[in-house]
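One structure is given here, and the rest of the page talks about it.
Side chains included, hydrogens not; waters and symmetry mates left out as well; all remaining heavy atoms used. Whatever order the structure lists them in is the order used to number ligands and atoms, beginning at 1.
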Amino acid sequence: MAKPLIAGNWKMHGTAVEAAALARQLVENEHSCAAVQLVIFPPILHLGLVALELSGSSIALGAQNMSEHESGAFTGEVSADMLKEAGCTYTLVGHSERRTLFGEVDGTVADKFETAQRSGLVPILCVGETLQQRQQGLTLDVIAEQINTVREKVGLKNICSGVVAYEPVWAIGTGEVASPEQAQLVHRAIRELLGSSGVSTSLLYGGSVKASNAAELFAQPDIDGGLVGGASLEADEFLKIAQLMT
Ligand code: PGA
C-alpha cells in the first residue's frame, strides 16, 4: 500500500530565497510525518533551487503545469522532460486555475496527462465543479466528463496509475471547505467511475484544507490525501496537515 500523499501547491508565491527556506524547513521536519509522502509544487523558476534543498530527503518535487507537447516551437512553455530533468516526479494537470483563467479544456488536460506519463511523471489530475454547476445539481456529471475525457485518451489502466484530486472550484482559496460528507460523496463517485482498477488509486481532496479541518476530511473512506494551496506556504501548518493523515 502506497503512503498517503499530501501535496503542497505553492502557486505563484514567494521569492527564490523564500522558496529555498520553506523547502529547508520541510526537510528539517519531515521526520514528523514519515508515514506520509509529501510533494511540493513550487513556481517553475524555483524548481532547481528547491530540488537542491530536497536532495537526500524523501520529499518529492512536482510542477504546477507543463506543456502537452514534447518539444518544439512553443514559446514560454516547459516540457515534461525538462521538468524531470529539474528533479520533478509529479505534475499537476488541469488545475482549476489553469482551466478557468488560462482556457485549458478537457482535451488539453487529457493530452497533458498522456505526455506526463510518457515522460515518467506522475500526473495529478485535478477535477471539480463550479458553484453554479453544484447549484444546478451537475456536480457528478461535470466530474465524470472531466475524468472520462482523460480516460478515453489514455485508457483506464493509465488513469488509475495517476492521482486524481477533487477540488471543488468554489472551495479553492475561498476558505469555504467542502463538508466531509460532500467531499466523500464525490470521492466515492470517482472511485466507482474508475472501477476495480481504481481501488488503490490515490484520490486527494483539495480546496481550503487547513490543519483545523483536515482530520475530518482525511477520516473519510475514499479520501487518501490532500492537495493544499494557501496552507502549504507555512511549513508548520503544512506539516500539521500531513500529520493528520497518519
Ligand atoms: P487552497 O488551494 O488550499 O488555497 O484552497 C488548493 C489548490 O488550489 O490546490
Side-chain angles (χ1 to χ4, degrees), residues 4-14 18-19 22 26 33 36-44 46-47 50 59-66 88 90-104 109 112-113 116 121-131 133-134 139 142-143 146-147 150 162-180 182-183 186-187 190 202-218 220 223-245:
L5 208 63
I6 299 291
N9 175 10
W10 296 0
K11 307 196 181 182
M12 199 173 73
H13 291 294
E18 286 163 348
L22 180 50
L26 295 176
C33 42
V36 172
Q37 175 64 58
L38 297 178
V39 194
I40 51 176
F41 297 81
I44 272 181
H46 303 334
L47 284 174
V50 171
I59 302 175
L61 189 63
Q64 298 173 18
N65 182 36
M66 49 158 269
C88 291
Y90 288 84
T91 182
L92 302 181
V93 294
H95 187 280
S96 82
E97 285 149 19
R98 300 296 319 167
R99 294 176 189 261
T100 56
L101 303 173
F102 300 97
E104 261 183 39
V109 174
K112 290 188 178 197
F113 192 100
L121 293 173
V122 178
I124 300 184
L125 170 65
C126 304
V127 298
E129 81 290 0
T130 62
L131 183 59
Q133 288 165 334
R134 173 164 283 269
T139 299
V142 169
I143 305 297
Q146 290 171 337
I147 289 182
V150 177
V163 175
V164 179
Y166 168 54
E167 298 203 299
V169 178
W170 48 271
I172 295 179
T174 58
E176 196 182 330
V177 65
S179 72
Q182 283 173 322
V186 177
H187 279 241
I190 295 173
S202 270
L203 305 184
L204 313 183
Y205 170 80
S208 295
V209 174
K210 299 190 272 291
S212 58
N213 59 30
E216 276 185 313
L217 288 160
F218 297 165
Q220 301 303 309
I223 298 184
D224 307 313
L227 176 51
V228 185
S232 70
L233 294 170
E234 296 279 339
D236 286 352
E237 179 78 3
F238 186 58
L239 291 162
K240 253 188 236 158
I241 292 170
Q243 286 155 15
L244 293 167
M245 193 65 231

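Assignment of Ser208 to the shell around ligand 1 is supported, since a heavy atom sits closer than 4.0 Å. Put simply, part of Lys11 is less than 4.0 Å from ligand 1, judged by heavy atoms. Ligand 1 is approached by Gly207 to a heavy-atom distance shorter than 4.0 Å.
The shortest N or O to N or O distance between Glu167 and ligand 1 is under 3.5 Å. Checked by distance only, ligand 1 and Ile172 stay at 3.5 Å or farther apart across all their nitrogen or oxygen atoms. Between Gly206 and ligand 1, not a single N/O pair is under 3.5 Å apart. For ligand 1, the polar-atom distance check finds an N/O of Gly230 within less than 3.5 Å of one of the ligand's N/O atoms.
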(request) Please test Gln243 against Leu239 for side-chain contact (heavy atoms from CB on, under 4.5 Å), starting from the C-alpha separation and ending with a verdict. (result) CA-CA 6 Å; Gln243 286 155 15; Leu239 291 162; 4.2 Å; yes
(request) Would you please test Leu217 and Val177 for side-chain contact (heavy atoms from CB on, under 4.5 Å) and show each step? (result) CA-CA 10 Å; Leu217 288 160; Val177 65; 3.9 Å; yes
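Of the protein's non-hydrogen atoms, the one nearest atom 3 (O) of ligand 1 is Gly229 N, 2.9 Å.
Counting heavy atoms under 4.0 Å from ligand 1, residue Ala171 touches it through the backbone alone.
Applying the salt bridge (Lys or Arg N to Asp or Glu O under 4.0 Å) rule to Glu129 yields the partners Arg134; only residues at least two apart in sequence or on another chain are considered.
Two residues are said to be in side-chain contact when any heavy atoms from C-beta on lie closer than 4.5 Å; Phe238 and Leu22 fail this criterion. A 4.5 Å side-chain heavy-atom check between Val122 and Val39 finds every atom pair outside the cut-off.
Side chain of Glu104 to backbone of Val109: no donor-acceptor contact under 3.5 angstrom is found.
Close approach of ligand 1 to Gly173 is summarised as follows: ligand atoms under 4.0 Å from at least one heavy atom of the residue are 1 (P), 4 (O), 5 (O). Every atom of ligand 1 with a heavy atom of Leu227 under 4.0 Å away is listed here by number and element: 9 (O). Near His95, with a cut-off below 4.0 Å to any heavy atom, the atoms of ligand 1 are 7 (C), 8 (O), 9 (O).
Note on residues 233-245: no pairs pass salt bridge (Lys or Arg N to Asp or Glu O under 4.0 Å), not counting sequence neighbours.
The neighbour count for Glu216 CD, taken as heavy atoms of other residues, nucleotides or ligands under 6.0 Å away, does not exceed 12.
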